[in-house]
Amino acid sequence: MKLTYAAASPFVRKVMVVLEEANQSDAVELIDGFGSPVAPNDNAVAANPLGKIPCLVLNDGTSLYDSRVITRYLDEHFALSLYPVDESRWATLTLEAHADALLEAAVLCVYEHRCRDEDDRSSAWLEAQQGKIERALDAIENQWMPYLQGDMTIAHIGVACAMEYLEFRQEMGGWPAWRETHPKLDAWSKVFAARPSMKATIPTV
Ligand SMILES: N[C@@H](CCC(=O)N[C@@H](CS)C(=O)NCC(=O)O)C(=O)O
């Protein structure tokens, strides 16, 4: 299997964490996929016409995307049980989507800085994305901590990758620091970040 990859991508990181949790990081060959919406990467476009990473290319040439499809495939393939089958699955899928949407808002802020000249940036649009990030963080702090104290699911991995991405790209993205204002999430995130799967996948520029 091949995986389109960039070391800074939080969506790629979710996939890498799942592979690490399965002790299967050697099962995929990493293919450079670094690009942006205005400078698409050829490998990324060849694997996924939308040019987004990650994309998992199976040995028969089938492309699986996006990250939520890939993590679900890997969970089944390596029998990880990161997706509950009881009623709690709806909470799991909702928090997984919540963390991804937070990340999408953050990645859009980063692209606004990376892809546009300063004069072309929209402060109203950046503020709107930052508002999404703030509200998503507040909801995790106020509603989701009991869930996060439970057994690890794909939602825990999504939230943990999102939290560390906010820290990693805070300067470029321009959002406020989140730890002091979200102390329960801060404490949880520090514990989760100590997992070997998280340590093995720390983002780099
Ligand atoms: N919903 C997608 C989002 C993936 C995504 O936005 N990846 C970024 C890198 S972090 C990307 O490929 N950007 C290039 C582009 O948008 O053209 C997923 O979960 O995989």
Side-chain angles (χ1 to χ4, degrees), residues 1-86 88-104 106-108 110-111 114 151-165 168-169 192-205:
M1 295 187 284
K2 295 180 180 175
L3 183 74
T4 52
Y5 175 91
S9 166
F11 298 103
V12 170
R13 188 181 189 191
K14 289 194 306 164
V15 172
M16 297 304 294
V17 170
V18 170
L19 284 166
E20 290 286 343
E21 289 289 339
N23 288 318
Q24 293 287 347
S25 52
D26 291 343
V28 296
E29 180 190 342
L30 301 181
I31 307 291
D32 172 47
F34 180 79
S36 78
V38 295
N41 175 289
D42 288 345
N43 296 329
V45 173
N48 166 3
L50 296 161
K52 292 195 174 213
I53 59 169
C55 176
L56 183 69
V57 183
L58 304 183
N59 293 338
D60 68 359
T62 306
S63 283
L64 298 184
Y65 50 90
D66 57 6
S67 63
R68 272 189 268 182
V69 176
I70 300 170
T71 54
R72 194 148 190 168
Y73 172 84
L74 294 174
D75 180 73
E76 272 192 41
H77 196 67
F78 297 124
L80 280 173
S81 302
L82 291 170
Y83 295 82
V85 290
D86 64 10
S88 72
R89 68 188 181 280
W90 302 116
T92 298
L93 296 177
T94 300
L95 184 55
E96 179 192 32
H98 183 100
D100 275 8
L102 187 165
L103 274 178
E104 268 154 23
V107 167
L108 287 175
V110 168
Y111 284 148
R114 251 178 68 194
D151 292 343
M152 184 177 72
T153 68
I154 193 63
H156 293 71
I157 293 172
V159 171
C161 291
M163 294 309 101
E164 291 206 339
Y165 185 76
F168 172 66
R169 282 294 191 223
F192 200 89
R195 292 183 81 84
S197 61
M198 292 293 290
K199 286 185 169 171
T201 58
I202 290 171
T204 52
V205 186

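Side chains included, hydrogens not; waters and symmetry mates left out as well; all remaining heavy atoms used.
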If you compare all heavy atoms of [X] against all heavy atoms of [Y], which two are closest, and at what distance to 0.1 Å?
| X | Y | answer |
| --- | --- | --- |
| Ala97 | Arg68 | CB-NH1, 3.3 Å |
| Pro10 | Cys161 | O-CB, 4.2 Å |
| Leu80 | Val18 | CD1-CG1, 3.6 Å |
| Ala99 | Ala162 | O-CB, 4.1 Å |
| Ala47 | Ser63 | O-OG, 2.6 Å |

Calculate, to the nearest 0.5 Å, the distance between atoms [atom1] and [atom2] belonging to [X] and [Y] respectively.
| X | Y | atom1 | atom2 | value |
| --- | --- | --- | --- | --- |
| Ser36 | Asn41 | OG | CG | 10.0 Å |
| Thr204 | Phe168 | OG1 | CZ | 6.5 Å |
| Leu74 | Leu56 | CG | CG | 6.0 Å |
| Met16 | Ser197 | CE | OG | 11.0 Å |
| Ser81 | Ile154 | OG | CD1 | 12.0 Å |

[Y] backbone acceptor or donor facing [X] side chain under 3.5 Å:
| X | Y | value |
| --- | --- | --- |
| Thr4 | Pro54 | no |
| Ser9 | Ala6 | no |
| Asn43 | Ile31 | no |

Determine, for Phe192 and Arg195, whether the Lys NZ or Arg CZ falls below 6.0 Å from the six-membered ring centre while staying within 45 degrees of the axis.
-> yes

Test: Arg13 cationic atom under 6.0 Å from Tyr165 six-membered ring centre, within 45° of axis = no

Side chains of [X] and [Y]: closer than 4.5 Å at any heavy-atom pair?
| X | Y | result |
| --- | --- | --- |
| Glu20 | Pro196 | no |
| Leu93 | Tyr83 | yes |
| Leu82 | Thr71 | no |
| Leu3 | Val15 | yes |
| Val107 | Phe11 | yes |
| Val57 | Met1 | no |
| Met152 | Ile157 | yes |
| Pro84 | Thr153 | yes |

If you draw a 6.0 Å radius around CG in Asp86, do more than 12 non-hydrogen atoms from other residues or ligands fall strictly inside?
->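 Yes - once you tally the heavy atoms of other residues, nucleotides and ligands closer than 6.0 Å, there are more than 12.
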
Asp42 CG: over 12 foreign heavy atoms closer than 6.0 Å | no

Would you sort out whether Ser67 and Val12 count as a side chain to side chain contact (heavy atoms under 4.5 Å, CB included), showing the intermediate values?
-> CA-CA 7 Å; Ser67 63; Val12 170; over 6 Å; no

Which residue pairs satisfy the ring-ring contact (aromatic ring centres under 6.0 Å, His included) criterion with at least one member in residues 39-77, sequence neighbours excluded?
-> Tyr73-His77

Could you go step by step and tell me if Leu108 and Val110 meet the side chain to side chain contact (heavy atoms under 4.5 Å, CB included) rule?
-> CA-CA 5 Å; Leu108 287 175; Val110 168; over 6 Å; no

Name all residues meeting the side-chain hydrogen bond (donor to acceptor under 3.5 Å, both in side chains) criterion together with Asp60; count only those two or more places apart in sequence or in a different chain, and write none if there are none.
-> Thr62

Is Lys52 salt-bridged to Asp66, going by a charged N under 4.0 Å from an acidic O?
->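 No.
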
Hey, mind stepping through Lys14 and Asp100 against side chain to side chain contact (heavy atoms under 4.5 Å, CB included) and telling me if it holds?
-> CA-CA 10 Å; Lys14 289 194 306 164; Asp100 275 8; 2.8 Å; yes

Mind running side chain to side chain contact (heavy atoms under 4.5 Å, CB included) on Phe34 and Ile53 for me, showing each step along the way?
-> CA-CA 8 Å; Phe34 180 79; Ile53 59 169; 6.0 Å; no

